[in-house]
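Throughout, a chain's letter reflects where its sequence line sits, starting with A, and its residues are numbered from 1. Just so it is clear, the values below take in all heavy atoms, side chains as well, and ignore hydrogens, waters and symmetry mates.
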Amino acid sequence: MSRVPEKPTIDGVEARFVKQWEQDGIYRFDRTAKRENIFSIDTPPPTVSGSLHMGHVFSYTHTDTLARFWRMRGKSVFYPMGWDDNGLPTERRVQNFYGVSCDPSLKYVAGFEPPFRGDPPKDAKPVPVSRPNFIELCDELTAQDEKVFEDLFRRLGLSVDWSLLYTTISEHARRTAQSAFLRNLERGEAYTQEAPTLWDVDFGTAVAQAELEDRERPGAFHKLKFREADDESKSIIVESTRPELIAACVGLVAHPDDARYQHLFGKNALTPIFGVEVPVHPHPLAQPDKGSGIAMVCTFGDLTDVIWWRELNLATRPTIGRDGRFVAQAPEIMSAQAQTQYARLAGKSAKQAQTLTVEMLRETGELTEDPRAITHPVKFYEKGDRPLEIVTSRQWYIRNGGRDEKLREKLLARGDELTWHPDFMQHRYANWVGGLNGDWLVSRQRYFGVPIPLWYRLDKNGEIIYEHPLVPAVGQLPVDPSTDMPQGFTPDQRGAPNGFAGDPDIMDTWATSSLTPQLAGHWVDDSDLFERIFPMDVRPQGHDIIRTWLFSTMVRSNFEHDVAPWKNASLSGWILDPDRKKMSKSKGNVVTPSDLFDQYGSDAVRYWAACARPGVDTAFSEDQMKVGRKLATKLLNLTKFVLGAGSNETTTSTGAQPKDLVDQAMLVRLAEVVDEATTALEQFDYARALERTEAFFWWFCDDYVELVKTRAYGETQDSSSARVSLHRALSVVQRLLAPMLPFATEEVWSWWQSGSIHRATWPTTAETLAGFNAASDVVDGLDAICLVLGAVRRTKTEAKVSQRAEVAKLVITADAKTVAMLQANLLDLRNAGSLQEIEFVVSDSNSEPTNLSAQVTLAAPLN
RNA sequence: GGGCGUUUAGCUCAGUUGGCUAGAGCAUCUCCCUUACAAGGAGAGGGUCGGGGGUUCAAGUCCCUCAACGCCCA
């Protein structure tokens, strides 16, 4: 039965087993399994328009390790993969690849041929295409990307069931996202409102709170001279970083306790340049120590302005349009002279307007000193290049507790339903939920994505009536309101008085991504499957998207299913450069995963990932991969040796049992490792399981195997105990390592077992300890033997002789009990140490502690 | 400003309810071609556990405080 190669190697095993695993379908999800026998994973769908990097390899390996563990524990593992092809990165990639742009007002053209397939010239003008055509091109392009991703993930050894694949822009995904949205709408969880909204002027879209980031930007405080309306000789100095918004000023605020401004509360001030009268109000959010302590409220300079505007019932005077430029129409309140001044700003960008305003202030003498340069945090869209503006627009929202204390409490409590790995990550969730200041804005003024599935009636003047949107029938989904028709209307009524208009917007990508359990589990069209896998057992993800992906999934599940969508959340850390900075592509020396697979083997790369404790940021380390490669190679060699030792069929068939102390003690130790590894993996701690297994493995190779190899090989001695123990330990260790090193373990398993190791049962302490009752102190005995062996080795090393050198005489001093034990188990020690004469000295049993010591006398070198 | 995390050998990190002389790998040095493996093996050196204070018979571990670094949120 020996199928052991002469020169074992892990090179090339990936291709062989990837193919075989696919053929044998060993990772196929058994959808007839009962819920309690299923382990379901809400895999993060990677963005296919990017490239796979080490961060993916890192975190997906962690998840795969867990999947493999539970599969060996007998669970039917629901392990799908998804491709995220809905969103800005894909939109950009499709535009740049085909030289097209999406225009939802256009009609679908069957058999459309894009002007380019790859690398359109820089000066090529994008050809506008309909949304359905754009999505078709997206499908075509992402299919290529997805192939590359899939190959890489297979090579990494992910035990994904590829038949469960889903994508986020597919018809099924659009139907799911639209169904979920319509049900939110029906229950009042989604609503539309005209309100101040964070707006990216370059992308031309509203942006949600979750997509914001602060960036430190240079700016300047400008000291502006307002005047008291009652007495224009009295000035009020206001410091502002955005003087260009003076025209949008609707009031001044100071802290209620600020003595400097008490006399002004309830009175009016006149703005610089334009001389518009604005009220002065007290408000606790005003910061007395910031600038002069009195702030200008504009439409809208920042989020605090929105709060003041709302709470103080201030006027609305928008000056910046959705394109980021000053609107042509000056606020009505302005005098004719002020309007002339304003006309100079019209059409300017915010930045140009600021420069011009400073000039104007200098002309009127209302800039009391030169601007004072500062750096301050400015809000950006995470993908944007210019600071966000706040404009008033009509948007769709889904309630998320940001404006509703009870819902917020409920969502916080949902966080308690999960077990967090590591547990402190729950703070981030609580922190985010507690800090929400508005509902979830889900509409986007973009073209590519899942359309908001609504139409609106038009009144007799052709104006939109937002109150009772027209919803599609369930069977009609997915719809594209820009081309599809609401029921009961005809195409010629589109845009006509008393007709209808489709909602032009799409949904935020998170509105689809928040439904990954529903997408993967086919909530809309396969309730049998969905009920088997939901709520899912685990959501693995990066900790940076707790506020987005994790939270939004929680919101949807809370509304739709009244339960947390998973039982566990497992958060991965980040990959850092060796210099502890977040790994970035811009470094130029990026190592691609496939290069590393080539160089070290997939198992070695997985080993590096599996060494990182859950949730801990980890340095990229090729050294660690080398160690993993060594481990895999060692496993091959060990297996070759053990199987060689037991190559004649006497071993397992005779029903031999471990009976030597050394063998029993080794198995007792191994049983402890099985116990620890199992407990660790049950708690999602793959790193601990690996560490314990690996430590045992090296000890097993270096000490145990060295001790017993002569006995196991020997013709003259009874080798059955050693052989059965070696085989048993080998089988257990191979299975313990299988989740981390799927290729190497499959290779060695194939030499002596039938079937895939990944379908073998997870080792137990019971099987490890079967057939014998070890005395309670066997491990102590083994420790003593190893201690003596260590002393012998040290002596030989210090004498600079080979470990094979003969020991003429060994004197062992120990307590009576240890001496008796050693005397009864001398054979292995004698073999391993090449010992000739051995003498025992019983130390005084009253002297404590009873130290074991060994005095080694080497045989004279033979020369 | 609030929250969270990290700080242990030159480097990367373990150290789970407080308890043997604080461990591993890499790196360094010495030695050994030994019939599973030289892609190996046997050893050695190297740490006032970030600083300070406290609790305790006993603190890397618990408490307080300070500092540095990182992340999230204002």
Participant: Under 4.0 Å between any heavy atoms, over every strand shown, what does C701(A) touch: base, sugar-phosphate, or nothing? Just pick one.
Facilitator: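 C701(A): base contact, heavy atoms under 4.0 Å.
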Participant: Restricting to side-chain hydrogen bond (donor to acceptor under 3.5 Å, both in side chains), what partner residues turn up for R310(A), sequence neighbours left out?
Facilitator: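 With neighbours one apart ignored, the set is empty.
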Participant: What nucleotide among C26(B), A74(B), A39(B) has an atom nearest to a side-chain atom of D623(A)?
Facilitator: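 For D623(A), the side-chain atoms sit closest to C26(B).
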Participant: Counting only heavy atoms from other residues, nucleotides and ligands, does the tally under 6.0 Å from CD of Q855(A) exceed 12?
Facilitator: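 Open.
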Participant: Can a side chain N or O of R613(A) be found less than 4.0 Å away from OP1 or OP2 on C13(B)?
Facilitator: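 Checking C13(B) against R613(A), no side-chain N or O comes under 4.0 Å of OP1 or OP2.
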Participant: W432(A) side chain: which of C73(B), A38(B), A39(B) is closest?
Facilitator: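 It is C73(B).
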Participant: Using a 4.0 Å heavy-atom cut-off across all strands, classify R688(A) as base, sugar-phosphate, or nothing.
Facilitator: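 R688(A): base contact, heavy atoms under 4.0 Å.
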Participant: E211(A) has an atom CD; how far is it from atom P of C73(B), in whole Å?
Facilitator: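 That distance rounds to 13 Å.
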Participant: Given A38(B), C71(B), A42(B), identify the nucleotide with an atom nearest to the side chain of T797(A).
Facilitator: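 Out of A38(B), C71(B), A42(B), the nucleotide with an atom closest to T797(A)'s side chain is A42(B).
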Participant: K640(A) has an atom NZ; how far is it from atom P of G40(B), in whole Å?
Facilitator: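 Those two atoms, NZ and P, are 15 Å apart.
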Participant: Looking just at side-chain N and O atoms, do E672(A) and T765(A) make a donor-acceptor pair shorter than 3.5 Å?
Facilitator: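 Distance-only check fails for E672(A) and T765(A).
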Participant: With heavy atoms under 4.0 Å as the rule, sort Q209(A) into base, sugar-phosphate or nothing.
Facilitator: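 Since only primed, P, OP1 and OP2 atoms lie under 4.0 Å of Q209(A), the category is sugar-phosphate.
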Participant: Nearest-Å distance, CZ (F424(A)) to P (C4(B))?
Facilitator: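 Taking CZ of F424(A) and P of C4(B), I get 11 Å after rounding.
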Participant: Can you spot which of K634(A), E747(A), Q734(A) makes a side-chain hydrogen bond (donor to acceptor under 3.5 Å, both in side chains) with T639(A)?
Facilitator: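 Result for side-chain hydrogen bond (donor to acceptor under 3.5 Å, both in side chains) with T639(A): Q734(A).
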Participant: Base, sugar-phosphate alone, or nothing: which one does Q803(A) contact when heavy atoms must sit under 4.0 Å apart?
Facilitator: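 If one applies the 4.0 Å heavy-atom cut-off, Q803(A) turns out to touch a base.
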Participant: How many whole angstroms separate atom CZ of F641(A) from atom P of U35(B)?
Facilitator: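 It works out to 12 Å between those atoms.
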Participant: P atom, G3(B) versus U65(B): distance in rounded Å?
Facilitator: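 Comparing P positions in G3(B) and U65(B) gives a spacing of 12 Å.
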Participant: What contact category does K630(A) fall into here, base, sugar-phosphate, or nothing, at under 4.0 angstrom with non-hydrogen atoms?
Facilitator: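 The answer is sugar-phosphate, as K630(A) gets under 4.0 Å only of primed atoms, P, OP1 or OP2.
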Participant: Which whole number of Å gives the distance between the C1' atom of C31(B) and that of G45(B)?
Facilitator: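 It works out to 15 Å between them.
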Participant: Over all strands shown, is K709(A) touching base, sugar-phosphate only, or nothing at heavy-atom distances under 4.0 angstrom?
Facilitator: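 Base, at least one base atom sits under 4.0 Å.
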Participant: Does the plane of the ring in W308(A) sit parallel, tilted or perpendicular to the ring in H283(A)? Use 30° and 60° as the thresholds.
Facilitator: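 Perpendicular, since the angle between the ring planes exceeds 60°.
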Participant: Find out whether W440(A) and W510(A) are in side-chain contact, i.e. whether some heavy atom of one side chain is under 4.5 Å from a heavy atom of the other.
Facilitator: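 They are in contact (side-chain heavy atoms under 4.5 Å apart), so the answer is yes.
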Participant: What contact category does N431(A) fall into here, base, sugar-phosphate, or nothing, at under 4.0 angstrom with non-hydrogen atoms?
Facilitator: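 Base, at least one base heavy atom under 4.0 Å.
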Participant: Say we look at U6(B) and U61(B): how far apart would their P atoms be, to the nearest angstrom?
Facilitator: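 These two P atoms come out 14 Å apart once rounded.
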Participant: How close or far is atom P of C37(B) from atom CG of L643(A), stated in whole angstroms?
Facilitator: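 So the CG-P distance, L643(A) to C37(B), works out to 14 Å.
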Participant: Scan E798(A) against the nucleic acid and name what it touches under 4.0 Å (heavy atoms): base, sugar-phosphate only, or nothing.
Facilitator: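 No contact.
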Participant: List RNA chain B stems (3 or more consecutive Watson-Crick/G-U pairs, under 3.5 Å)?
Facilitator: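 Counting only runs of 3 or more consecutive pairs, the stems involving RNA chain B are B:1-7 with B:67-73, B:10-13 with B:23-26, B:28-32 with B:40-44, B:50-54 with B:62-66.
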Participant: Select from R794(A) and T639(A) the residue whose nearest nucleotide in RNA chain B is closer to the 5' end of that strand.
Facilitator: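 By nearest-heavy-atom nucleotide position, the 5'-most residue is T639(A).
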Participant: Contact between N568(A) and F684(A) at the side-chain level, heavy atoms closer than 4.5 Å - yes or no?
Facilitator: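 Answer yes - side chains close enough.
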Participant: What nucleic acid atoms does R793(A) come within less than 4.0 Å of, heavy atoms only: base, sugar-phosphate, or nothing?
Facilitator: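 The residue R793(A) makes sugar-phosphate contact but no base contact.
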Participant: Whole Å only: how far is the CZ atom of R428(A) from the C1' atom of C73(B)?
Facilitator: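 The answer, rounded to whole Å, is 10 Å.
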Participant: Ring centres of Y429(A) and W420(A) under 6.0 Å apart?
Facilitator: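 Judged by ring-centre distance (under 6.0 Å), Y429(A) and W420(A) do meet the cut-off.
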Participant: Taking U28(B) as the reference, what is the distance to U21(B) when you measure between their C1' atoms (whole Å, please)?
Facilitator: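 It works out to 24 Å between them.
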Participant: Quick test of your reading of the model: are D780(A) and K817(A) salt-bridged, counting only N-O distances below 4.0 Å?
Facilitator: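 No, no charged N to carboxylate O under 4.0 Å.
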Participant: Considering only atom P, compute the distance from C13(B) to C71(B) and round it to an integer number of Å.
Facilitator: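 Between the two P atoms, the distance is 15 Å.
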Participant: Round to a whole Å and report the spacing from NZ of K634(A) to C1' of A38(B).
Facilitator: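 These atoms are roughly 11 Å apart.
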Participant: Whole angstroms only, please: what is the CD-P distance between E691(A) and C13(B)?
Facilitator: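 Value for this atom pair: 14 Å.
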Participant: Would you classify G434(A) as touching base, sugar-phosphate or nothing, given that sugar-phosphate means primed atoms plus P, OP1 and OP2, and contacts are heavy atoms under 4.0 Å?
Facilitator: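 Since no nucleic acid heavy atom lies under 4.0 Å of G434(A), the category is nothing.
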Participant: Please give the distance between the C1' atoms of C64(B) and G46(B) as a whole number of Å.
Facilitator: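 Straight-line distance between the two C1' atoms is 33 Å.
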Participant: So do the side chains of R830(A) and L810(A) get within less than 4.5 Å of each other, counting heavy atoms only?
Facilitator: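 No; the side chains remain at least 4.5 Å from each other.
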Participant: Sticking with atom C1', work out how far G25(B) lies from A9(B), rounded to a whole angstrom.
Facilitator: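 To the nearest whole Å, 12 Å.
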Participant: Taking atom P in both C20(B) and C62(B), compute the distance separating them and give it to the nearest angstrom.
Facilitator: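 My reading of the P atoms in C20(B) and C62(B) gives 15 Å.
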Participant: So which nucleotide from C73(B), C32(B), A36(B) ends up closest to the side chain of S802(A)?
Facilitator: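 Selected nucleotide (nearest to the side chain): C32(B).
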Participant: With nearest nucleotides of RNA chain B determined for K800(A) and V627(A) from heavy-atom distances, which residue corresponds to the more 5′ nucleotide?
Facilitator: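 So the residue in question is V627(A).
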